[in-house]
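Written below as structure tokens is the structure these notes are about.
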Amino acid sequence: MNENDPARRRIILSGIQPTGTFTLGNYLGAVKNWRQLQKEYDCYYFVADLHALTVYHEPAMRRKASRAAFALLLACGLDPEKSLVFIQSHVSAHAQMGWMLSCLSPFGDLSRMTQFKDKSAKHPEDINAGLFTYPALMAGDILLYQADYVPVGADQTQHLEFTRNVAARFNHVYGETFRLPEGYFPKAGARVMSLAEPTAKMSKSDENAKATIFILDDEKTILKKFKSAVTDSDAEVAFREGKDGINNLMTIYSAITGKSCDAITAEFAGKGYGDFKTAVGTVVADELRPIRERYAELLTDKAYLDAEIARGAERAAHIAEKTLAKAKRKMGLC
Ligand code: TRP
């Protein structure tokens with residue numbers, strides 16, 4: 001089929017690192033959209049455990065975290081019958097392609113990556129080469145599946161740009177091999193901020209326990225965290241410059257209910273922030289409840305989970321190996 005034929009199903013690919021339970025930010029900003037994209041696209045979603053190797057974790061924890069992340073993806077509605085869901089390290093083509101592409105990755109470009117600069121500032125005791133060549137591995141993830149679109153947050157756009165550059169360089173040096181991927185920025189993608197400090201992004205590793213909603217939090221915890229969310233001294237539920245706390249709660253409410261900001265303002269006219277916080281907490285708890293229940297079910301069904309992990313890896317390897325073989329031929333490796 002012609003590359004530009006509108007009937008060709010476009011390919012979407014994204015990955016998430018298995019470091020800690022996903023937050024409401026990961027869910028509303030990424031995984032919920034990944035679920036919706038399954039209808040229209042051929043989707044590849046994976047647990048980026050090779051990327052997580054760049055920071056030390058205890059091996060047993062690591063194994064557990066990868067399984068948990070895989071189960072969470074399924075629990076969030078990624079359907080292994082529709083999408084290909086897998087764990088990165090189970091497909092050896094990723095590491096191989098990562099090396100091949102690292103040999104086309106200029107030192108200068110890698111040095112300019114803000115994530116590298118941030119992470120090496122954060123872990124000055126462990127600035128390893130993997131942290132440095134991380135973008136080449138990520139480029140391999142994307143190019144192996146000839147992805148058209150990659151839904152990523154703002155913090156990953158530089159890596160995506162890097163991927164396009166390295167793909168173009170490969171194509172130029174060795175002949176046309178890779179499709180150049182584009183970013184996918186969904187209209188509905190919500191950027192969720194910390195509940196305690198609404199000018200900062202909601203983070204898995206926030207030290208303030210009230211700042212972050214984890215996707216496995218129970219109802220009581222969710223309501224409590226929303227009740228203590230930082231807002232301002234106004235009273236009107238309206239989206240306005242400077243009202244970061246309320247804006248964040250409105251973003252969350254809107255992402256879940258699909259209501260516009262104006263509709264939300266109308267709904268809470270004459271009511272105070274307290275009512276609104278309870279309402280946001282309630283819709284979040286309702287949204288997350290089935291995910292939490294499905295997750296618990298999946299973890300008890302070890303045989304099913306193992307089978308899905310193995311099947312995902314096998315199907316992904318089948319596709320990745322084809323691209324890998326093509327790239328190796330072009331480079332004169334086989
Ligand atoms: N680097 C991404 C992150 O930390 C995870 C990731 C790895 C990824 N490989 C990818 C995302 C390929 C998109 C495509 O969020």
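Positions are given from 1 along the sequence. Note that ligands are numbered from 1 as they come in the structure, with each ligand's atoms numbered from 1 the same way.
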Protein contact to atom 3 (C) of ligand 1 [nearest heavy atom, distance to 0.1 Å]
Gln156 NE2, 3.5 Å
Please report whether ligand 1 has a polar contact with His159, defined as an N or O pair separated by less than 3.5 Å (distance criterion only).
no
What verdict does the side chain to side chain contact (heavy atoms under 4.5 Å, CB included) test give for Asp141 and His51, after you've listed the backbone C-alpha separation in whole Å, the side-chain angles of each residue and the deciding distance to 0.1 Å?
CA-CA 10 Å; Asp141 300 337; His51 282 90; 2.9 Å; yes
Between Leu137 and ligand 1, find which residue part has any heavy-atom pair under 4.0 Å and reply side chain, backbone, both or neither.
neither
Nearest non-hydrogen atom to atom 9 (N) of ligand 1 belongs to which of Ile12, Val150, Leu13, Asp141?
Asp141
Would you call the rings of Phe86 and Tyr145 parallel, tilted or perpendicular if under 30° counts as parallel and over 60° as perpendicular?
tilted
Is the ring pair Tyr41/Tyr149 parallel, tilted or perpendicular, if the boundaries are 30 and 60 degrees?
perpendicular
Look at the rings of Phe46 and His94 and say which category their plane angle falls in: under 30° parallel, 30 to 60° tilted, over 60° perpendicular.
tilted
Parallel under 30°, tilted from 30 to 60°, perpendicular over 60°: which one fits the rings of His159 and Tyr134?
tilted
Residue Tyr134 vicinity, atoms of ligand 1 by number, heavy atom under 4.0 Å:
1 (N), 2 (C), 3 (C), 4 (O)
Could you tell me the residue and atom name of the protein heavy atom closest to atom 5 (C) of ligand 1, and the distance to it rounded to 0.1 Å?
Gly15 O, 3.6 Å
Give a yes or no on this: more than 12 heavy atoms of other residues, nucleotides or ligands lie within 6.0 Å of atom NZ of Lys122.
no
Within the 4.0 Å heavy-atom cut-off, what Gln88 brings close to ligand 1 is neither
Should Gln17 be counted as touching ligand 1, given the test is an N or O pair under 3.5 Å?
yes
